Amino acid sequence: MNAGPPLPPALPDWNGDVAAARALQVELARRVVLADAFPRPPRTLAGFDVGFEDGGATTRAAAVLLDADSLQPLEAHVARVPTRMPYIPGLLSFRELPALLDALARLSRAPDLVFVDGHGIAHPRRLGIAAHFGVATGLPSIGVAKRVLVGEHAEPGPVRGDAAPLLHRGEAIGVALRSKPRCRPLIVSPGHRVSLPGAVEQVLRCLTRYRLPEPTRLADRLASRRDRGA
DNA sequence: GCGACAG
DNA sequence: ATCTTGTCGC
């Protein structure tokens, strides 16, 4: 194996110490691998997203497993856990990861590639929720966010597939990708065991008629309560 | 000191 | 994220 140094505690109980949480992110970010290390092409994909109930007291996470070729869902699960921490920009993963891991455990098999709603390395310390999820589980992951957290980018062209690099402190940390005409671009960034070009390539492969790629779109519907049966 | 700020 | 109806546009 190639385990490398053991992982620092990924989810310490929240005690309000923002500085300590940030320091842990810097430590975990060192474990992120930005090279494509997943089955190519992948056979199964998984999409993850989080929502809240009871005025935020309960965190609800959705996990959807899909066939990579047909993009059809194979399994869908929802996990509910008590919310332990408030939302703090830059520390999102500490708040949402517990629920996501619970949802992941419900899948009957491990996916070849994971898509998480939120950023990968397009984060102040390069550890957005998708990257944290990847390092914590060892699974290849990609971050698909609807808005920028850090960095700047030019307006991408109007055609699906047009992209503009997201830059931060001289680094290309992601891409603003036009996934659908007349819609704000998605911010795609590598999570773990995926390169930036690889992340964009895989997201493009999952686009149909909507703004979000299928894995994240399906998880989004389950997590956000507007999953009107059928 | 004044904004910005994933979900 | 969530609170919320109808409405403008393709």
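If you're wondering where the values come from, they're calculated on a predicted model, not measured in any experiment. First the proteins, then the strands, lettered A, B, ... as listed; each starts at 1.
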Using the 3.5 Å cut-off, write out each protein N or O paired with an N or O of nucleotides 1-4 of chain C and the distance between them.
residue : atom : partner : partner atom : Å
C:dT2   : OP1  : A:Phe52 : N            : 3.3

Euclidean distance, atom CZ of residue A:Arg95 to atom C1' of B:dG7 [Å, nearest integer]: 8 Å

Could you list, one pair per line, each protein nitrogen or oxygen that sits under 3.5 Å from a nitrogen or oxygen of nucleotides 7-10 of chain C, together with the distance?
none

Contacts table for residues 161-174 of chain A: side-chain donor-acceptor under 3.5 angstrom, sequence neighbours left out:
residue  : atom : partner  : partner atom : Å
A:Asp162 : OD2  : A:Val159 : N            : 2.9
A:Glu171 : OE2  : A:Arg126 : NH2          : 3.1

Give a yes or no on whether the ring-centroid distance for A:His132 and A:Phe94 is below 6.0 angstrom. yes

Going by number, which of residues 150-161 of chain A have a non-hydrogen atom under 4.0 Å from DNA chain C? none

Classify A:Gly55 by what it touches in the nucleic acid, base, sugar-phosphate, or nothing, heavy-atom distance under 4.0 Å. nothing

Hunt down any stem DNA chain C takes part in, defined as 3 or more consecutive Watson-Crick or G-U pairs whose two distances are each under 3.5 Å. none

Dot-bracket for DNA chain B, 5' to 3', Watson-Crick and G-U pairs with both distances under 3.5 Å, [ ] for crossing pairs, | for partner on another strand, reads .......

Under 4.0 Å, heavy atoms only, any strand: does A:Leu91 hit a base, just the sugar-phosphate, or nothing? base

At under 4.0 Å between heavy atoms, what does A:Ile187 touch on the DNA or RNA strands: base, sugar-phosphate, or nothing? nothing

Check the pair A:Ile142, A:Val188 against side chain to side chain contact (heavy atoms under 4.5 Å, CB included), reporting the backbone distance first and the verdict last. CA-CA 7 Å; A:Ile142 294 172; A:Val188 177; 4.1 Å; yes

